[in-house]
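All remarks here apply to the structure that follows.
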Amino acid sequence: MLVFFFVALGASAVGAVCGIGGGVIIKPVLDLLRLESVSAISFLSGCTVLSMSCYSVGRSLLAGEKSVSLSTGTPLAAGAAAGGLLGSRLFALVRRMADAPDRVGAVQAACLAAVTAGTLLYTLNKSRIPTRKTRNKGACAAIGLALGCMSSFLGIGGGPINLVVLYFFFSMDTKTAAANSLYIIFFSQLCNLLATLFTGGVPDFRWPVLVLMAAGGLGGGVLGRRLNRRMSGAAVEGLFVALMVVIIGISLFNAWRYSVG
């Protein structure tokens, strides 16, 4: 049982440092261990990410930190919240259409591997790619919608794609992108959880596991916030790249294992 706590703690700490939420680590690792159903893992991962992002964003705002750009971050977060609802519906549709639960896991894992690989390629080459400075609120909301939908469907909360989008469309540096990513993740996951509760779409899960993972998410948020303050932007980016390589490997293995049953 403690494995859930330590997976949530470690993933949330790294997620808070890099701004990827932690779900992109929790989901493939728990899929690999197969300790819960695919649907339960997606739900538990989302709840863990919500607890971590709630602490990280709350502490940042209470401390009066200016790393979150409210003028662009709020439309992004609003769009992501709507996208989260759309993504959860898409996941429910795929689950109903699949002839076996493992098929859903295979689709999620394959999509996660593809998204992560694209993110890695962009990160390694971003110094040669011109960036933009998007300010239009409608465009921000549309970008957030796409992010929220993808994150919710994959059950990863936010993930590395947030950072790439913030780099490219808003010309943010590594640490600023991490802070804004967590801000977006918080609203996306909150709306996704509320929608799941109100529509009765909560899968079967064990309450002790949820409590342990939420506690791990909070602990990871505390630890990750402290580490982020001490690490340079280059160190954060190096950690991010290393994680992407590991996640791609695990996701490809999970996609293969789920597809063969």
Within-4.5 Å side-chain heavy-atom neighbours: [X] and [Y]:
X	Y	answer
Phe4	Arg206	yes
Val38	Gln108	yes
Thr131	Phe170	no
Glu237	Lys126	yes
Met244	Thr123	no
Thr72	Lys133	no
Ser42	Lys27	yes
Leu166	Leu76	yes

Between the side chains of Tyr258 and Asp31, does any donor sit under 3.5 Å from an acceptor?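 Looking only at side-chain atoms, Asp31 and Tyr258 do form a donor-acceptor pair, the distance falling under 3.5 Å.
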Shortest non-hydrogen separation from [X] to [Y] and the atoms involved:
X	Y	value
Ser45	Gly23	OG-CA, 3.5 Å
Ala255	Ala109	N-CB, 3.5 Å
Ile184	Ala80	CG2-CB, 3.4 Å
Leu50	Leu190	CD1-N, 3.7 Å
Thr48	Ser12	CG2-OG, 3.8 Å
Leu9	Gly220	CD1-N, 3.4 Å

What's the verdict on side chain to side chain contact (heavy atoms under 4.5 Å, CB included) for Leu30 and Met213, showing C-alpha distance, side-chain angles and the deciding distance? CA-CA 12 Å; Leu30 291 185; Met213 291 188 68; 3.7 Å; yes
Would you mind telling me which of Ile248, Ile161, Val24 makes a side chain to side chain contact (heavy atoms under 4.5 Å, CB included) with Val115?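 In the set Ile248, Ile161, Val24, the residue that makes a side chain to side chain contact (heavy atoms under 4.5 Å, CB included) with Val115 is Ile161.
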Can you tell me which residue among Thr116, Leu120, Val14 is in a side chain to side chain contact (heavy atoms under 4.5 Å, CB included) with Leu243?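 Only match with Leu243 under side chain to side chain contact (heavy atoms under 4.5 Å, CB included): Val14.
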Run the numbers on Leu193 and Phe43 for side chain to side chain contact (heavy atoms under 4.5 Å, CB included), then give the verdict. CA-CA 8 Å; Leu193 176 62; Phe43 177 75; 3.7 Å; yes
Grouping I, L, V, M, F, W and Y whenever their side-chain heavy atoms are under 4.5 Å apart, do [X] and [Y] come out in a common cluster?
X	Y	answer
Val211	Tyr55	no
Leu239	Ile185	yes
Leu218	Val17	no
Ile26	Val209	yes
Leu145	Phe169	no

Can you tell me if [X] uses its side chain to pair, donor with acceptor, with the backbone of [Y] under 3.5 Å?
X	Y	answer
Ser171	Arg132	yes
Ser51	Ala214	yes
Asn125	Leu121	yes
Ser39	Pro203	no

Quick one: pull up [atom1] in [X] and [atom2] in [Y] and give me the separation to the nearest 0.5 Å.
X	Y	atom1	atom2	value
Arg59	Cys54	CZ	SG	12.5 Å
Met52	Arg225	CE	CZ	12.5 Å
Leu90	Leu85	CG	CG	12.5 Å
Asn254	Leu33	CG	CG	9.0 Å
Gln189	Ser53	CD	OG	7.0 Å
Cys18	Leu182	SG	CG	10.0 Å

Under 6.0 Å from the CG atom of Asp204, do we count more than 12 heavy atoms belonging to anything else shown?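 Atom CG in Asp204 is not crowded, with 12 or fewer foreign heavy atoms closer than 6.0 Å.
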Name the orientation class of the two ring planes belonging to Tyr122 and Phe168 (parallel below 30°, tilted from 30 to 60°, perpendicular beyond 60°).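 Geometry flag for Phe168 against Tyr122: perpendicular rings.
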Using 30° and 60° as the class boundaries, would you call the ring planes of Phe187 and Tyr183 parallel, tilted or perpendicular?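 The rings of Phe187 and Tyr183 stand perpendicular, inter-plane angle above 60°.
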Under the side chain to side chain contact (heavy atoms under 4.5 Å, CB included) rule, what do Arg89 and Leu93 come out as? Steps first, then yes or no, please. CA-CA 6 Å; Arg89 288 179 176 270; Leu93 177 64; over 6 Å; no
Begin with the C-alpha distance, continue with both residues' side-chain angles, and end with the deciding distance and a verdict on side chain to side chain donor-acceptor pair (under 3.5 Å) for Asp173 and Thr176. CA-CA 5 Å; Asp173 60 46; Thr176 302; 2.9 Å; yes
